[in-house]
Number of protein chains: 2
Amino acid sequence: MKEQHELKKGSTQTLILAVLGDAPSHGYAIAREIERRSASALKMGEGALYPALRALENEGFISSAWELQLSGPARKVYTLTEKGQGELARQKSAWQKFSEAVNSVIGGAPHGQTN
Amino acid sequence: MKEQHELKKGSTQTLILAVLGDAPSHGYAIAREIERRSASALKMGEGALYPALRALENEGFISSAWELQLSGPARKVYTLTEKGQGELARQKSAWQKFSEAVNSVIGGAPHGQTN
DNA sequence: TGATATACATCAGTATCTAATGTATAATTA
DNA sequence: TAATTATACATTAGATACTGATGTATATCA
């Protein structure tokens, strides 16, 4: 039984930016960190992760640099840019407004007929 | 300046079921009710609304009946089925878990390195 | 030796949404 | 009275975003 969200819903970018908002990191570690912080409730697949990183870099919200490892494959480390910091704030705020709006509909009082 | 969410993110079905969980209603009124309850933060377009209603009916979560009006166009009134009530509960719970998980990532404590 | 973990990446197929378009009636406003 | 807005249904082209599979390569662990 799969009880893990696949985090579509357009939140992929927000989550990545949030992780990079605390410290630079590379793709694989970002995905693991999202899993950790959400207690494994959120799992980001590579097919969502890497295209999202590409898009964020294309828009100038993050920048990247290869880092060779003494052992194991090289890592592409991403850093939040100044522009990205503004975007992170914007997306956080948008998420909060969105989730509050959804809650007010699904938790919502019956009342007030639209009919 | 558009400061309205377009409510993609897979929440369309949940919102419709939630509205129908309080009382039977028709498409147009459902969309208006979602707008009302969210203080216009959420706006559901017809291109999202009608296909979603169709899908929900195909899955047996809602049932429909035409209602002729004394004045104005006829309405297709949808009612939540018993199966739909279970689905509503499931989707509400899934939404709550999802939104909490997102919050724990974006509000999240830095700490605990994954590196 | 085979499985698992790390670390990147692409891609076919699917799902879902936006914005536009269309039909039709009724009410309001200029 | 003509034009606009509201009600009420519906479809569709195009865009976006995600899933699941596949692929390459190194390192570790059993």
Side-chain angles (χ1 to χ4, degrees), chain A residues 2 4-17 24-36 42-59 62 64-78 91 94-95 98 102 113-115, chain B residues 2 4-16 19 24-36 42-59 62 64-78 91 94-95 98 102 113-115:
Chain A
K2 187 160 133 197
Q4 255 181 340
H5 294 274
E6 307 84 8
L7 68 80
K8 56 188 130 196
K9 296 161 216 278
S11 50
T12 301
Q13 282 201 357
T14 310
L15 294 168
I16 293 173
L17 290 176
S25 187
H26 61 281
Y28 190 82
I30 293 169
R32 295 295 77 74
E33 176 66 5
I34 288 170
E35 248 177 280
R36 192 191 66 76
L42 303 176
K43 170 141 194 80
M44 189 178 300
E46 297 98 326
L49 173 66
Y50 293 110
L53 286 169
R54 234 162 254 292
L56 288 169
E57 189 171 20
N58 286 340
E59 290 173 302
I62 59 179
S64 68
W66 282 99
E67 262 186 24
L68 297 176
Q69 300 302 305
L70 294 175
S71 154
R75 299 165 171 178
K76 203 171 185 177
V77 175
Y78 293 93
Q91 289 200 18
W95 161 260
F98 174 73
V102 171
Q113 75 184 46
T114 310
N115 186 48
Chain B
K2 188 162 138 199
Q4 255 181 338
H5 296 273
E6 308 82 9
L7 68 82
K8 57 185 129 197
K9 293 161 219 281
S11 51
T12 302
Q13 282 200 359
T14 310
L15 295 167
I16 293 173
V19 170
S25 187
H26 61 282
Y28 190 82
I30 292 168
R32 295 295 78 72
E33 177 65 5
I34 288 169
E35 250 178 278
R36 191 191 67 78
L42 302 177
K43 170 140 193 84
M44 188 177 302
E46 297 97 324
L49 173 66
Y50 292 112
L53 286 170
R54 233 162 255 291
L56 288 169
E57 189 170 19
N58 286 341
E59 290 173 302
I62 60 177
S64 68
W66 283 98
E67 262 186 24
L68 297 175
Q69 300 302 305
L70 294 174
S71 153
R75 300 164 172 180
K76 202 172 187 177
V77 175
Y78 293 93
Q91 290 200 18
W95 161 259
F98 174 74
V102 171
Q113 77 185 45
T114 309
N115 187 44

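Just so it is clear: chains get the letters A, B, ... in the order the sequence lines come, proteins before strands, and each one is counted from 1.
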Engineer: Expressed in angstrom and rounded to an integer, what is the separation of A:E57 atom CD from C:dC8 atom C1'?
Structural biologist: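 Roughly 14 Å, once rounded to whole Å.
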Engineer: With heavy-atom distances below 4.5 Å as the criterion, would you say the side chains of A:I30 and A:L15 are in contact?
Structural biologist: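 A side-chain contact is absent here, since even the closest heavy-atom pair is not under 4.5 Å.
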Engineer: Whole Å only: how far is the CD atom of B:E67 from the P atom of C:dT25?
Structural biologist: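 Spelled out: CD on B:E67 to P on C:dT25 is 20 Å.
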Engineer: Is any side-chain heavy atom of A:T14 closer than 4.5 Å to one of B:V102?
Structural biologist: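 The answer is no, as the side chains (C-beta and beyond) never meet within the 4.5 Å cut-off.
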Engineer: Quick one: what's the B/S/- string for nucleotides 9-14 of chain D, heavy-atom cutoff under 4.0 Å, read 5' to 3'?
Structural biologist: BBBB--
Engineer: Using OP1 and OP2 only, check whether a side-chain N or O of B:T12 sits under 4.0 Å from C:dC17.
Structural biologist: yes
Engineer: Please give, in whole Å, the distance from C:dT16 C1' to B:L15 CG?
Structural biologist: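 It works out to 14 Å between those atoms.
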Engineer: Nearest 0.5 Å, what's the OG1-CD1 distance between A:T12 and A:I34?
Structural biologist: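 Going from OG1 on A:T12 over to CD1 on A:I34, the span is 8.0 Å.
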Engineer: Pick the nucleotide of DNA chain D nearest each of A:L70 and A:Q13; which residue has the one closer to the 5' end?
Structural biologist: A:Q13
Engineer: So, the side chain of B:E67 versus the backbone of B:A65: is there a donor-acceptor pair under 3.5 Å, distance only?
Structural biologist: no
Engineer: In this structure, how many angstroms lie between the C1' atom of C:dC17 and the CE atom of B:M44, rounded?
Structural biologist: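 Distance check: B:M44 CE to C:dC17 C1' gives 11 Å.
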Engineer: What pairs with A:E57 under side chain to side chain donor-acceptor pair (under 3.5 Å), at least two apart in sequence or on another chain?
Structural biologist: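 A:S64.
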Engineer: State whether A:Y28 and A:R32 meet the cation-pi test: NZ (Lys) or CZ (Arg) under 6.0 Å from the six-membered ring centroid, and within 45° of the perpendicular axis.
Structural biologist: yes
Engineer: For B:K43 and C:dA20, give me the distance from atom NZ to atom P, rounded to whole Å.
Structural biologist: 13 Å
